[in-house]
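This report concerns only the one structure given below.
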There are 2 protein chains.
Amino acid sequence: MSDPTEDQLVALGTAFETFARRYKLADALRSERPLAELDKAVLLYVAEHAGCGPTDVARFLGVPTTTLSSATDRLAKRGFLKRERIEADRRAVALTLSEAGAAYAQAQVETYRRMYMLMLSRLSPDERDRFIAMITKIVYNDG
Amino acid sequence: MSDPTEDQLVALGTAFETFARRYKLADALRSERPLAELDKAVLLYVAEHAGCGPTDVARFLGVPTTTLSSATDRLAKRGFLKRERIEADRRAVALTLSEAGAAYAQAQVETYRRMYMLMLSRLSPDERDRFIAMITKIVYNDG
DNA sequence: GAAGATATAACGAAGTTCGGACTATTCAAC
DNA sequence: GTTGAATAGTCCGAACTTCGTTATATCTTC
């Protein structure tokens with residue numbers, strides 16, 4: 001199988017670049033004091049992994065545990081996150097979202113969802129499946 | 001034309017999420033003291049728009065001019081960027097990359113290029129064109 | 001040539017990241 | 001069971017980034 005052509009690489013690059021920039025600009029429009037990028041990532045992770053520990057999150061996101069500690073501090077202070085010592089291992093802390101945190105995470109997910117919706121809307125129904133199949137192949141290499 | 005299905009939205013979302021995370025982790029592996037995200041963006045913009053002014057860059061990237069000033073400071077200090085007062089309007093400054101800056105920008109571009117190459121390599125030659133056509137349609141809505 | 005607009009830089013406050021030191025537990029081995 | 005190493009998490013402080021306010025120099029326009 002031959003290599004991708006130069007034109008293809010350039011086209012993909014400019015598309016990505018444009019997309020990323022637009023996405024960033026759109027993101028900046030939100031009115032509340034925005035959570036730090038890291039904090040949002042933490043929130044979404046904990047939403048999916050209730051009861052996990054800070055170390056899990058840090059490893060998943062690829063940041064030092066001290067950095068993650070700052071993030072959980074901020075989130076706890078804003079009332080988005082609860083930290084509870086657990087019985088099984090009293091060194092450990094179990095992270096869970098508060099109601100407000102869950103709401104924020106949900107809103108975040110909704111925002112993404114709307115964006116995906118918009119993106120897919122520009123394709124025909126047939127194309128949508130094909131596009132997703134291809135991007136899945138690219139990301140997971142499971143073709 | 002009907003709406004995208006829930007499954008499609010979820011599939012696209014997880015693919016993106018995985019991709020973004022992997023990309024971030026890979027990026028963190030680089031050994032030099034990394035430039036700030038903004039600084040990299042500035043470098044790439046100036047690479048494409050030699051002689052442009054700070055205000056242009058700030059507007060393009062959607063950051064306050066003062067923030068951009070910090071960025072150009074850092075880049076100039078590291079010897080990546082030259083700032084020269086221009087004759088035509090002596091308030092204005094023309095930004096150009098130094099040789100080192102151009103090299104850095106080039107390396108950055110190379111990194112992206114390799115990533116795109118890897119991505120497209122996972123598709124068959126036929127799929128590549130179709131994928132790019134679709135993503136172009138999505139991003140530019142010019143279908 | 002005075003008033004106002006424009007391009008940029010200097011300064012400083014607020015916030016983020018992360019290395020190093022520290023505490024509290026648990027585990028392992030004797 | 002006590003000692004020593006490993007583990008989970010936090011606190012502190014230095015370095016850095018962002019961005020609002022303010023200052024400076026230079027056009028522009030009437």
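A note on names: the letters A, B, ... follow the listed sequences, proteins ahead of strands, and every chain is numbered from 1.
- The salt bridge (Lys or Arg N to Asp or Glu O under 4.0 Å) pairs that include a residue from residues 53-68 of chain A are A:D56-A:R59, where partners are two or more places apart or lie in different chains.
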Practice prompt. Go through the steps for A:E127 and B:K137 under the test salt bridge (Lys or Arg N to Asp or Glu O under 4.0 Å), then give the verdict.
Written response: CA-CA 11 Å; A:E127 286 175 320; B:K137 204 160 158 184; 3.1 Å; yes

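- Taking only side-chain nitrogens and oxygens, B:T67 comes nearer than 4.0 Å to OP1 or OP2 of D:dC19.
- With sequence neighbours left out, B:A47 forms a side-chain contact (heavy atoms from CB on, under 4.5 Å) with B:L97, B:A105.
- Distance A:R90 CZ to C:dT23 P: 18 Å, rounded to the nearest Å.
- Per the geometry, NZ belonging to B:K82 stands 18 Å off P belonging to C:dT8, to the nearest Å.
- A search for side-chain contact (heavy atoms from CB on, under 4.5 Å) contacts involving A:L118 returns A:R122, not counting sequence neighbours.
- Of the residues in residues 42-49 of chain B, not one places a heavy atom less than 4.0 Å from an atom of DNA chain C.
- Counting only residues at least two apart or on different chains, the ring pair (Phe, Tyr, Trp, His ring centres under 6.0 Å) pairs with a member in residues 51-75 of chain B are B:Y45-B:F60.
- A straight line from CG of A:L35 to C1' of D:dT18 spans 17 Å, rounded to a whole angstrom.
- The salt bridge (Lys or Arg N to Asp or Glu O under 4.0 Å) contacts involving residues 4-23 of chain A comprise A:E6-B:R113, where partners must be two or more places apart or lie in separate chains.
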Worksheet, complete the sentence: Per-nucleotide protein contact along nucleotides 1-14 of chain D, 5' to 3', at a 4.0 Å heavy-atom cut-off (B base, S sugar-phosphate only, - neither), is ------BSSBB---

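- From B:I138, atom CD1 reaches atom CZ of A:F19 across 8.5 Å, with rounding to the nearest 0.5 Å.
- Evaluation of the side-chain hydrogen bond (donor to acceptor under 3.5 Å, both in side chains) test over residues 69-78 of chain B, restricted to residues two or more places apart or in two chains, returns B:D39-B:R74, B:T72-B:R83, B:D73-B:R83.
- Comparing A:V63 and A:I86 by the nucleotide of DNA chain C whose heavy atom lies nearest to each, the residue mapping closer to the 5' end is A:V63.
- Following rounding to the nearest Å, B:D39 (CG) and D:dA15 (P) show an atom-to-atom distance of 19 Å.
- Atom CG of A:L61 is separated from atom P of C:dT16 by 16 Å (rounded to the nearest Å).
- Residues satisfying the ring pair (Phe, Tyr, Trp, His ring centres under 6.0 Å) criterion with B:F16, sequence neighbours excluded, are A:Y116.
- Here the C1' atom of nucleotide C:dT26 and the CD atom of A:E87 are 14 Å apart, to the nearest Å.
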